[in-house]
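See structure below.
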Number of protein chains: 2
Amino acid sequence: MKTRHVALKQAPDGMPSLNDFQIIEAELPDLKPGEALIENLYMSVDPYMRGMMRAGASDPPAPLSGGAVGRVVRSRLDGLPEGCVVLTGSGWREHFITDSAGHERVYELSAPLSAYLGVLGMPGFTAWYGLNRIGRPQAGETLVVSAGAGAVGSLVGQLGKRAGCRVVGVVGSEEKRRYALETLGYDAALNWRKGGLGAALSEACPEGIDIYFENVGGALLEAVLDRINFGARIPVCGMISQYNLKEPEPGPSNLFQLIGRRAEMKGYIISDHGELKPQFLEEVAPLVADGSVQYSETISDGLESAPQAFIDLFLGRNIGKMAVKLNDEA
Amino acid sequence: MKTRHVALKQAPDGMPSLNDFQIIEAELPDLKPGEALIENLYMSVDPYMRGMMRAGASDPPAPLSGGAVGRVVRSRLDGLPEGCVVLTGSGWREHFITDSAGHERVYELSAPLSAYLGVLGMPGFTAWYGLNRIGRPQAGETLVVSAGAGAVGSLVGQLGKRAGCRVVGVVGSEEKRRYALETLGYDAALNWRKGGLGAALSEACPEGIDIYFENVGGALLEAVLDRINFGARIPVCGMISQYNLKEPEPGPSNLFQLIGRRAEMKGYIISDHGELKPQFLEEVAPLVADGSVQYSETISDGLESAPQAFIDLFLGRNIGKMAVKLNDEA
């Protein structure tokens, strides 16, 4: 049986281009006892994958990795029956063979499968953890969320609203601004591409900023630091503005604001906190199911569209979760 | 009765100069009932005072403020008897009249009076709090302390040693480097003026950096961020390299390291934590008394020397606490 995967041709130099990727066709061997064949249905593209691409091409060209939701289509493995749905780190490929029955399973679907890569997957879990454990929102506080219409940011903002915060989203287009205001229910939303970020933040945050959820880095962080309140918390989830720079960009010139404002910045990576995933799902899945939490997806079609989908992340072409559909759902 | 104080002539523009200060002679009125006259014995000069000078001269030219240790020389105020020693924020002057009996008192001297402005005063308390509450040192970890021979840093490093850390001090002269190694007992000490900071840090911290006690900002922070370990903590106490800049300097280009290393930076100001001062003194005063903790002081003589002492802080001319002696101790 034939399958396909995406591999690097070379490490991207700055902004990734289609030419950095290649589609590889491969033969899948027959299943041995103790193995199962998984057909991927959706794969995720996420900004963090850019960092993993620095290592460059492998020889032979192995599949890139990343989140995927798949279905077991043949099994000779106890504990992983045919038909079950699994979440794995084996994206960027159409099929793969596993000998582990320990993959995370989705037992009861409360949302479309693709949602398990987004609002109910790694990005949603990232949002929930960073906001609650590092941001620690209190009613009446002001929360600014960067990439506020993205897969992570859109849940951060909505959970912030539910916690009673004034939520200000910073986004990269007028369409996203409308989406943030009309669908996500933010109190204010700014399009950073319009410039005048400092003044716009001052207007949107008349009582200063208590929590800044950091997804982007760069100039926005500097503008925020000048407006943080005493005891502000800055969960540092990502700095997408920095990932494709050929030369590192200087950082904010006003980090000393952390002192006067007694503020904290704390970085985290959600894979450290897997033990909390059930609690996350218990809290957030019902909100998604009953429509209390909105989410959006930008889904491209077919493995060959994955490199462009990944590139589009950095061009801000997604609203909400960017993913790739690999096979029709059964 | 005549007294004198130091006032600003104008806000310093960049690095302070003697010309920014003036000595004012004033007449002290007679004591009224409910008042006491305090003679300052020592006054403190600290980097943080630079920020308070941005406001510029007042009219009439009022005394600058800052920590001081003084003695009550005349009292018509219940609860503040003649002869008692008080710690106040009324430095930069030889005498003052108070109507408050609520000043912090030193009841039992376990060290020379000047120590209550340094190792047993605000700088020591700052060191103890930031290291223990934000740095949270564990035995076997590596602690890097900037301004490592200064009033704050020298206690941070020694407390870090007592907690079982490998302690690396970053200092600004060969004399301080020797002091850090020979008197403070650090495992390594680097003179940043010699350049090659990154390589020197790598050599001094073969197992990476778990805690960075930030007193200086600038290039050192960037070099440290490239070498922090998972879960690193960065108490942000000060950024003396930034205080006299006419234009803000770009920050570190590698703040994204906070994410991959799951690290935190947290600013603080010790005046928020006065309730812990007794615990600090209970722990640290015996260590000073029995010589387990070393401290050094650079003390200039007379009110008229205070502006130069303050300037010398930024030139790194102090080892340990910089203070000014205003009157002979009784």
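Sequence lines set the chain letters: A, B, ... in the order given, protein chains first and strands last, and positions in each chain run from 1.
Annotation: side chain of B:K321 is not in contact with side chain of B:V119 (no heavy-atom distance under 4.5 Å).
The residues B:R262 and A:D272 are annotated as salt-bridged, a charged nitrogen and a carboxylate oxygen being separated by less than 4.0 angstrom.
Interface residue B:Y268: only backbone heavy atoms are found under 4.5 Å from chain A. Neither the backbone nor the side chain of B:N254 comes within less than 4.5 Å of any heavy atom of chain A. Residue contact with chain B, scored on non-hydrogen atoms closer than 4.5 Å, is absent for A:S241. Proximity to chain B is limited to the side chain of A:L221, based on heavy atoms less than 4.5 angstrom apart.
Taking chain B as the reference chain and counting heavy-atom pairs below 4.5 Å, the highest number among A:I134, A:V236, A:I269 is found for A:I269. Contact count against chain B (heavy-atom pairs under 4.5 Å) is highest for A:P250 among A:P250, A:G238, A:C237, A:P248. Of the listed residues (B:M239, B:E222, B:M265), the one with the most heavy-atom contacts under 4.5 Å to chain A is B:M265.
Side chains of B:E104 and B:T88: a donor-acceptor N/O pair is absent below 3.5 angstrom, by distance only. For the residue pair B:R50 / B:N244, a side-chain donor-acceptor distance below 3.5 Å is found, with atom types taken as modelled.
Note: B:L276 CG to B:N132 CG = 10.5 Å, rounded to the nearest 0.5 Å.
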